[in-house]
Amino acid sequence: MSLNARDVAASIAEFSEFEVTGYRTGIAEVWRAQNRSPDNFIVNARFDGANFNTGVSLIQSHIDLTGVKKPIETIFEPSDCLRLQFRLSGKSTDCHADGSTSDVRMPSVLLTYLPKGANLHQVVSAGENWHTMTFSFPRLLVSTLLEGQRGGVEQSLKELLDSEKPMLHWQMPLTPDQRAILNGICKTPLRGALKARYLEAKSIELLCLALYDFKGADGKGDAGGIPLNQQDQSNLRLARDILSREFRTPLTLDELARRVGLNRRKLAQGFKQIFHSTVYGYCIRLRMEEARRLLVDKGICVTEVAFEVGYQDPSSFTKAFKQYFNVLPKEFRNRAFDSRDARVDL
């Protein structure tokens, strides 16, 4: 059973004292959740959805949390689908059935499968705008896509989907390729049946890219990579976590290698093999995505953003930002402000 925007809106409403109103038109549906409590400062929450004949669904969520003083809680219940969620802005803590928690850094990608009895409790932080795009793929469809794959992570994933194994909840940073596809989805001029075909095709493309990244994160990337045992993979994930925390003042490759117990070569090659990025490129991505968030969500000046993300020279930051986003940071911020109130129906 795939997700639909009405159910997501109702789930938010249950925990946040919202009233839900909406409409459907063709493959699309739009639902709004508006607060009915004078103590709740949420102005509006919007959920744009599209459902396709194959059972694939797409939901885009925009929730204004800038005036909210308390977190919003929701519960994802088990469903017969693999969920691919792109969290583009906002913060949350995911609480798992086994009692463990994980903080989700934006922007990020989450691949989730919940078997029976494995609810995922999500606490969305107050004070920021929340924007996600969630794709839901029926389990049988994913199993069909993986049919004939022998060995490696494809077989492991297929076995998980075909049985009652523990839940899958995997998180990775958003890649430039994925961001480009998401932008294309939002800006497509297509309408009607052509749009439905386009959105469905892009959904499958995003799933394939995510499965490729999931394969790399499992330490079983393309043939020809260096061998990585379980401890090596654990050390490389530790290196990634250190970089995620300290990207404003990144370590040298040698310093990072010493901290995680790997030699320089294994750190450099293993990091690229698993995460499809160099150590330097990963730091640049984190810096640029944080800069984007500060420019759009906080509206602070370019010089201050440069210092916030670790650049001592604002001109160096401007050059790096232009290289990454193909637009100057000031122009990027102005465009975001001009289109902040615009919403694209799926």
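Values below: all heavy atoms of this structure, side chains included; hydrogens, waters and symmetry mates excluded.
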Using atom types as modelled and distance alone, determine if a side-chain donor or acceptor of R287 lies under 3.5 Å from a backbone N or O of F247.
yes
Considering non-hydrogen atoms only, spot the tightest contact between V109 and Q178 and give its length.
CG2-OE1, 3.4 Å
Considering non-hydrogen atoms only, spot the tightest contact between V56 and P138 and give its length.
N-CD, 4.0 Å
Is there a side-chain hydrogen bond (donor to acceptor under 3.5 Å, both in side chains) between D254 and T252 once you walk through the steps?
CA-CA 5 Å; D254 288 331; T252 66; 5.4 Å; no
Smallest separation among heavy atoms of L295 and R333, with atom names
O-CG, 3.3 Å
Just wondering, more than 12 heavy atoms not from N229 lying within 6.0 Å of its CG?
yes
Determine yes or no for a side-chain-to-main-chain donor-acceptor pair under 3.5 angstrom, with T303 supplying the side chain and P314 the backbone.
no
Check the angle between the aromatic planes of F321 and F325 and answer parallel, tilted or perpendicular using the 30° and 60° thresholds.
tilted
Quick one: do L206 and Y198 end up in the same hydrophobic cluster if we chain Ile, Leu, Val, Met, Phe, Trp and Tyr together by side-chain heavy atoms under 4.5 Å apart?
yes
Does the T188 side chain pair with the main chain of G184, one donor and one acceptor, at a distance under 3.5 Å?
no
side-chain hydrogen bond (donor to acceptor under 3.5 Å, both in side chains) assessment of Y311 paired with T318
CA-CA 10 Å; Y311 286 86; T318 297; over 6 Å; no
Is there a path of hydrophobic side-chain contacts, each under 4.5 Å between heavy atoms of I/L/V/M/F/W/Y residues, joining F307 to L294?
no
